[in-house]
Amino acid sequence: MADRKRFGDRDYFEGGKPRLDDPPNSRLFIVCSKNITEDDFRTAFEKFGTIEEVWVVKDKTSGEPKGVTYIKFSKTSEAALALEEMNGKCIGSANRPLKVMIAHSRDQGSKRESNEEERLLRLFCVVPKTTTDQMLRDHFKQFGDIDYVSVVKDRETKESRGFAYVKYHKISHAAKAFENCDRTYKAVFAEPRKKNSLDSFDRYSGPSMGQDPMFSPFGSSMEMSGYPNAEGCNLRVIASPHLNQDQLWKLFDIAPGLDFLYLDPKAKLGKGHAVVVYNNPQAAAYAQEKLHGFEYPPGQRLIVKMDPSARNDLPLNMQSRGGMNRDTFSGSTSPRLPGSSSAVPTSRSLPPDLASLAETIAQATSLIQAAGLAPDGAGANVGNVQGRDAYDPSYCSVKLPSPQPLASMDAETAERLFIVCNPGPPPAYALRDVFGRFGNLIDVYMLSGKNCGYAKYASKESAENAIQTLHGQEVCGIRMKVMAADPRTDDRRKRLKMEDQ
DNA sequence: CGACGGGACGC
DNA sequence: CGACGGGACGC
């Protein structure tokens with residue numbers, strides 16, 4: 001089938017026109033000395049990614065370089081990194097430093113706006129109504145330093161309007177988030193907020209929503225280390241034996257001050273038994289309250305108990321250093337609490353912040369395994385068989401292929417499946433994992449308020465495999481029908497077809 | 001200050 | 001036996 005990722009004239013000149021702004025913000029506009037050659041540019045910029053084109057602009061009549069160059073990258077994040085790295089640098093034989101900017105789209109011309117940085121730093125996302133700022137922050141912080149997260153709420157009812165803005169400090173971070181954030185957010189670069197033209201300092205204008213005020217009930221976790229062996233800091237955990245140490249770490253990282261998490265590889269304590277130690281008792285209590293009884297994976301409740309003696313079960317060499325702690329775990333960032341509101345759900349019914357957390361973990365797990373970086377010997381996650389093909393999520397009634405990378409969101413749909421779930425829709429992350437395992441999955445979603453939905457695949461073969469394997473099976477105890485979808489009926493397809501001409 | 005050409009899906 | 005998602009920021 002057509003591989004839209006591979007670059008070639010065929011793709012570049014889609015519809016007879018160069019795709020200058022596809023993906024968005026992937027083209028650089030560079031003001032520079034006139035004596036820099038195309039080769040100079042290629043040499044200096046190729047390390048940032050795949051260059052689709054270097055165009056040293058020359059005067060049409062005289063042929064003289066105008067001191068302006070465009071460089072088109074295949075990805076937004078490549079252009080962003082190149083900008084951050086090369087702006088102000090000198091290349092070739094020139095003394096004048098490059099001025100590197102993200103090129104405007106052609107119709108936008110050369111006019112500048114006072115806040116054009118914001119166009120590159122801020123993402124617009126569609127989010128479930130139950131998603132909070134903190135939940136979004138927890139997902140988006142993995143891509144870089146967040147300026148602010150803001151779920152837009154109804155002015156009167158204060159309820160979420162179902163969309164949000166996420167702003168970063170660096171455009172490469174925004175670009176990474178744009179490319180790699182959970183695709184159900186449908187992240188796009190946000191149009192700058194409407195504004196009057198006078199304030200070119202809007203970046204500094206407000207405290208705005210910089211840091212959420214209810215952010216840290218425990219104060220700075222750095223200052224909370226005065227409880228090294230306090231009794232209330234130690235938890236004993238029983239989890240699914242399928243979970244590995246990384247996954248558990250991410251779960252228990254919902255409370256600030258996670259010091260040690262030890263999942264006994266020899267199962268001396270018992271399969272899936274772990275010891276968790278925080279540096280402050282509030283965090284341990286919070287984690288226990290939030291995670292005890294939480295189903296992860298679905299159907300498998302975590303058991304989380306306070307146990308002052310738990311720390312004694314750590315191997316001697318860990319009682320001071322930890323088998324896994326903040327220093328050795330690269331994926332963790334600053335500790336944050338979910339559920340910034342005080343109306344934290346205490347029921348055992350999958351509070352939304354934990355659902356979001358579980359989703360994040362499922363996604364990360366899927367990515368890691370798809371990349372062939374499956375947890376190594378340090379983990380105790382392998383049940384009975386060897387190799388990552390053996391990974392078999394307990395929430396699905398049938399043996400599945402190993403996790404696969406998703407197809408790009410704008411890939412062409414080769415086949416669409418219709419899914420019916422009874423009695424109701426399973427968790428989104430479970431659906432995504434299960435349907436993703438056949439490869440080339442573009443998107444899977446349930447219609448809101450309905451028990452049916454769709455899965456879109458970029459490959460017919462993947463879609464057929466999904467039908468073969470999943471039809472009639474269960475996910476999280478929910479029976480699924482999986483079949484080819486009827487073609488769309490509305491005029492949306494026609495409209496898309498028209499654009500192709 | 002510094003903003004837009006050439007090319008046009010295989011055998 | 002079910003059928004087509006959510007979308008722009010109080011001034």
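Source: prediction; values computed, not measured. Chain letters run A, B, ... following the sequence lines, proteins first and then strands; every chain starts at 1.
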Does a distance-only test, which skips hydrogens and angles, find a donor-acceptor pair under 3.5 Å between the side chain of [X] and the base of [N]?
X: A:Asp443; N: C:dG5; value: yes
X: A:Glu53; N: B:dG6; value: yes
X: A:Lys186; N: C:dG6; value: yes
X: A:Arg106; N: B:dG5; value: yes

What is the distance from [atom1] of [X] to [atom2] of [N], rounded to the nearest Å?
X: A:Arg193; N: C:dC11; atom1: CZ; atom2: P; answer: 8 Å
X: A:Met409; N: C:dG5; atom1: CE; atom2: C1'; answer: 10 Å
X: A:Tyr165; N: C:dA8; atom1: OH; atom2: P; answer: 7 Å
X: A:Phe29; N: B:dA3; atom1: CZ; atom2: P; answer: 6 Å
X: A:Ile71; N: B:dG5; atom1: CD1; atom2: P; answer: 18 Å
X: A:Leu121; N: C:dC9; atom1: CG; atom2: P; answer: 20 Å
X: A:Glu64; N: B:dG2; atom1: CD; atom2: C1'; answer: 17 Å
X: A:Leu136; N: C:dG6; atom1: CG; atom2: P; answer: 19 Å

message: Using a strict threshold of under 4.0 Å (side-chain N to carboxylate O), is an ion pair present between A:Arg416 and A:Asp486?
response: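 No.
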Just N and O in the side chain of [X]: are any of them under 4.0 Å from OP1 or OP2 of [N]?
X: A:Lys481; N: C:dC1; value: yes
X: A:Lys129; N: C:dG6; value: no
X: A:Arg119; N: C:dA8; value: no
X: A:Lys66; N: B:dC4; value: yes

field: Residues in contact with DNA chain C, drawn from residues 415-424 of chain A - heavy-atom cutoff 4.0 Å
entry: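 Result for residues 415-424 of chain A: A:Arg416, A:Phe418, A:Val420, sorted by number.
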task: By nearest nucleotide on DNA chain C, pick out whichever of A:Ala190 and A:Ser448 is the more 5' one.
output: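 Its nearest nucleotide being more 5', the pick is A:Ser448.
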field: 5'-most by nearest nucleotide on DNA chain C - A:Val126 or A:Arg161
entry: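 Result: A:Val126.
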- request: Could I get the full list of side-chain contact (heavy atoms from CB on, under 4.5 Å) partners for A:Ala455, not counting sequence neighbours?
  value: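 With sequence neighbours excluded, A:Ala455 shows a side-chain contact (heavy atoms from CB on, under 4.5 Å) to A:Leu417, A:Ile419, A:Phe435, A:Leu441, A:Val444, A:Tyr457, given in chain and number order.
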By nearest atom, which of the nucleotides [options] is closest to the [X] side chain?
X: A:Tyr70; options: B:dG2, B:dA3, C:dA3; result: B:dA3
X: A:Trp55; options: C:dG5, B:dG2, B:dC4; result: B:dC4
X: A:Val152; options: C:dG5, C:dC9, C:dG7; result: C:dC9
X: A:Leu447; options: C:dC9, C:dG2, C:dG5; result: C:dG5

message: Which label fits A:Tyr445 and A:Tyr454: parallel for a plane angle under 30°, tilted from 30 to 60°, or perpendicular past 60°?
response: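 Aromatic pair A:Tyr445/A:Tyr454 classed tilted.
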field: By salt bridge (charged side-chain N to carboxylate O under 4.0 Å, His left out) - contacts of A:Glu159 (at least two apart)
entry: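 Testing A:Glu159 for salt bridge (charged side-chain N to carboxylate O under 4.0 Å, His left out), a comparison that skips the adjacent residues, returns none.
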- prompt: Which pairs with one or both residues in residues 79-88 of chain A pass side chain to side chain donor-acceptor pair (under 3.5 Å), sequence neighbours excluded?
  reply: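 Residue pairs passing side chain to side chain donor-acceptor pair (under 3.5 Å), neighbours aside: A:Glu84-A:Ser172.
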If you look at every strand shown and take non-hydrogen atoms under 4.0 Å, does [X] touch a base, only sugar-phosphate, or nothing?
X: A:Lys450; value: sugar-phosphate
X: A:Asn451; value: nothing
X: A:Val127; value: nothing

message: So that I know where these two stand, are A:Phe140 and A:Tyr185 an aromatic pair - ring centroids less than 6.0 Å apart?
response: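 Ring centres of A:Tyr185 and A:Phe140 closer than 6.0 Å.
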Any residue meeting ring pair (Phe, Tyr, Trp, His ring centres under 6.0 Å) with A:Phe29, in chain and number order, not counting sequence neighbours: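 Partners of A:Phe29 by the ring pair (Phe, Tyr, Trp, His ring centres under 6.0 Å) criterion, ordered by chain and then number, come out as A:Tyr70.
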- request: Mind checking ring pair (Phe, Tyr, Trp, His ring centres under 6.0 Å) for A:Phe178 and listing every partner two or more places apart, or none if nothing turns up?
  value: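 If we apply the ring pair (Phe, Tyr, Trp, His ring centres under 6.0 Å) test to A:Phe178, skipping adjacent residues, the hits are A:Phe189.
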Closest-nucleotide 5' rank along DNA chain B - winner of A:Arg96 and A:Lys60: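 Result: A:Arg96.
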- prompt: With nearest nucleotides of DNA chain B determined for A:Lys58 and A:Lys99 from heavy-atom distances, which residue corresponds to the more 5′ nucleotide?
  reply: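 Result of the comparison: A:Lys99.
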Result of checking A:Lys72, A:Glu78, A:Glu52 against A:Ser26 for side-chain hydrogen bond (donor to acceptor under 3.5 Å, both in side chains):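 Single side-chain hydrogen bond (donor to acceptor under 3.5 Å, both in side chains) partner of A:Ser26 among A:Lys72, A:Glu78, A:Glu52: A:Lys72.
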